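Notes to accompany the following structure.
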Number of protein chains: 2
Amino acid sequence: MQNVQDKLLIFEDFLKKRQLRRSRQRTIIMEEFFKNDHHISVEQLLLRSRKRDARIGFATVYRTLKLLVASGLAHERDFNTGRKLYENAELGENHDHLVCLKCGAVKEFRSHDINAAQSSIAKSHDFKIVSYRHELYGFCKSCKKIN
Amino acid sequence: MQNVQDKLLIFEDFLKKRQLRRSRQRTIIMEEFFKNDHHISVEQLLLRSRKRDARIGFATVYRTLKLLVASGLAHERDFNTGRKLYENAELGENHDHLVCLKCGAVKEFRSHDINAAQSSIAKSHDFKIVSYRHELYGFCKSCKKIN
DNA sequence: TTTCTTGCAAAAGCTTTGCACACCG
DNA sequence: CGGTGTGCAAAGCTTTTGCAAGAAA
């Protein structure tokens with residue numbers, strides 16, 4: 001698990017390699033992004049960033065998130081809610097999600113069995129896996145009781 | 001595996017139960033939809049339907065697809081291509097997809113191991129699964145050679 | 001007739017882009 | 001300075017909706 005400082009260094013390195021600049025806005029946006037543990041929407045990130053600089057615009061947040069995704073520090077997620085969410089990536093490790101249809105809660109999980117099955121499927125189809133998406137939709141512990 | 005006739009009957013039954021009408025447009029659109037084996041976009045379905053009635057509009061196709069999804073005869077899929085695809089559902093059976101990042105080909109597969117792992121995960125999180133989404137992104141047999 | 005459906009166009013939402021100005025190095 | 005980055009507003013896309021006219025029951 002990397003801390004925020006490590007991530008900032010990685011991002012700066014990424015920018016340098018691409019001859020991109022480290023601007024005040026990019027720094028604010030990435031710091032606010034990395035403060036967040038899990039998933040954040042563009043709008044939420046904009047609102048947080050605007051607390052530190054009210055003039056930051058939507059476009060800059062979108063553009064910065066693109067860079068964070070390209071650098072591997074963020075993952076783009078879409079849980080069929082109409083808007084994308086961005087996730088603080090931990091060393092590019094793939095993981096799966098449980099998504100509650102009632103309260104919207106998202107929980108991560110990892111499963112060796114699933115990863116093993118994926119590899120075997122890929123092998124039998126002569127398919128090279130680059131990434132995957134695995135989401136279980138249903139009702140979480142608390143919402144199950146009510147529903 | 002149901003044939004087209006069965007599906008039309010199921011759809012008509014669905015409409016009747018909801019006191020909805022069987023219009024000329026709905027009939028055309030659903031017939032064209034069921035002619036298709038796998039995934040089709042709204043635009044493709046509109047174009048096919050317009051061959052039989054040039055006046056059919058986008059809105060009607062969207063509205064009819066909503067009904068097909070509600071009736072359980074179609075599934076809505078989103079492979080991160082910016083537009084949704086609709087899939088001819090076979091008895092509501094859940095299945096998984098291999099999506100080629102180069103040529104866009106989509107291949108279905110089923111895996112008992114994956115389904116078993118999903119159940120066990122759900123149990124341990126006290127989560128009730130309603131549906132799931134599982135897509136492996138990468139390169140198919142032919143595109144793997146070139147890439 | 002009465003109610004549902006359609007087609008058109010406009011509206012919605014989210015995301016991207018063009019452009020003039022500002023800023024980094 | 002030269003080239004990037006930013007903010008704003010406008011444009012792009014897909015999907016949804018309002019409404020008057022048309023069709024089904």
Side-chain angles (χ1 to χ4, degrees), chain A residues 8 11-33 39-71 74-86, chain B residues 8 11-33 39-47 49-71 74-86 104:
Chain A
L8 296 182
F11 190 55
E12 283 171 25
D13 199 51
F14 169 84
L15 293 178
K16 214 174 281 175
K17 273 184 191 150
R18 298 211 175 185
Q19 291 172 285
L20 298 174
R21 293 171 186 170
R22 177 184 154 166
S23 68
R24 186 175 39 80
Q25 291 92 328
R26 282 181 184 163
T27 303
I28 290 176
I29 292 168
M30 75 186 180
E31 282 177 356
E32 291 303 315
F33 178 76
H39 309 87
I40 191 169
S41 67
V42 173
E43 196 183 356
Q44 285 179 309
L45 185 53
L46 176 69
L47 291 176
R48 288 184 187 212
S49 302
R50 277 193 172 158
K51 285 187 184 165
R52 290 174 57 184
D53 178 347
R55 299 194 62 262
I56 290 178
F58 260 105
T60 303
V61 175
Y62 274 105
R63 291 187 276 229
T64 304
L65 279 170
K66 276 228 155 84
L67 294 175
L68 286 169
V69 169
S71 73
H75 289 316
E76 198 179 71
R77 303 279 182 198
D78 176 0
F79 299 123
N80 300 319
T81 51
R83 68 177 57 180
K84 287 172 183 157
L85 293 183
Y86 291 83
Chain B
L8 296 183
F11 191 54
E12 282 171 24
D13 199 52
F14 170 84
L15 293 177
K16 213 174 281 173
K17 272 184 192 150
R18 299 209 175 185
Q19 292 172 286
L20 299 175
R21 292 171 187 172
R22 179 186 150 162
S23 67
R24 185 175 39 81
Q25 292 92 329
R26 281 181 184 162
T27 303
I28 290 175
I29 293 168
M30 76 185 178
E31 282 177 357
E32 291 302 316
F33 178 75
H39 310 87
I40 191 170
S41 67
V42 173
E43 196 183 356
Q44 285 178 309
L45 185 53
L46 177 69
L47 292 177
S49 303
R50 277 193 172 157
K51 286 187 183 166
R52 291 174 56 184
D53 178 348
R55 299 193 63 260
I56 291 178
F58 260 106
T60 303
V61 175
Y62 274 106
R63 289 187 278 228
T64 304
L65 279 170
K66 275 229 155 82
L67 295 175
L68 287 169
V69 169
S71 73
H75 289 315
E76 199 179 72
R77 304 279 182 198
D78 177 0
F79 299 124
N80 300 320
T81 52
R83 66 179 55 180
K84 287 172 182 157
L85 293 184
Y86 290 84

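The structure presented is a predicted model; accordingly, all values stated were derived computationally and were not measured. In what follows, chains carry the letters A, B, and so on, assigned in the order in which the sequence lines appear, proteins first and then strands, with residues in each chain numbered from 1.
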Starting from C1' on C/dT6, measure out to OH on B/Tyr62 and report it in whole angstrom. 17 Å
Please tell me which of the listed nucleotides, C/dG25, C/dG18, C/dT5, lies nearest to the side chain of A/Arg22? C/dG25
Hey, does the side chain of A/Ser23 come within less than 4.0 Å of C/dC23's phosphate (OP1/OP2), counting only N and O? no
So A/Arg24, base contact, sugar-phosphate only, or nothing? Heavy-atom distance under 4.0 Å. nothing
Could you tell me the boundaries of the chain B footprint on DNA chain D, defined by atoms under 4.0 Å from its heavy atoms? D/dT14 to D/dA25
Do side-chain atoms of A/Arg77 reach the backbone of A/His39 as a donor and acceptor pair under 3.5 angstrom? no
Could you tell me the separation between the CG atom of A/Leu15 and the P atom of C/dG25, rounded to a whole number of Å? 10 Å
From NZ of B/Lys17 across to P of C/dC4 the rounded distance in Å is 19 Å
If you count the non-hydrogen atoms of other residues, nucleotides and ligands that lie under 6.0 Å from CZ in A/Arg52, is the total more than 12? yes
B/Arg26 CZ to C/dC4 C1': how many Å, rounded? 8 Å
NA contact type, A/Arg83, heavy-atom cut-off 4.0 Å: base, sugar-phosphate, or nothing? sugar-phosphate
Quick one: B/Gln19 CD to C/dC4 P, roughly how many Å, whole number? 8 Å
Expressed in angstrom and rounded to an integer, what is the separation of A/Leu45 atom CG from C/dT15 atom C1'? 15 Å
Rounded to whole angstroms, how far apart are CZ on A/Arg55 and P on C/dC23? 9 Å
A/Arg83/A/Glu43 salt bridge by N-O under 4.0 Å criterion: yes
Assuming nearest nucleotide by heavy-atom distance, tell me which of B/Arg21 and B/Glu43 is located more 5' along DNA chain D. B/Glu43
Distance-minimising heavy-atom pair for B/Gly57 and B/Arg50: CA-NH2, 3.9 Å
Check whether any side-chain nitrogen or oxygen of A/Lys66 sits under 4.0 Å from OP1 or OP2 of C/dT16, and answer yes or no. yes
Starting from the 5' end of DNA chain D, give me the residue, B/Val42 or A/Arg63, whose nearest nucleotide shows up first. A/Arg63
Spacing between B/Asp53 atom CG and C/dT5 atom C1', to the nearest angstrom: 13 Å
Measuring to OP1 and OP2 of C/dG7, would you say a side-chain N or O of B/Gln25 lies under 4.0 angstrom away? yes
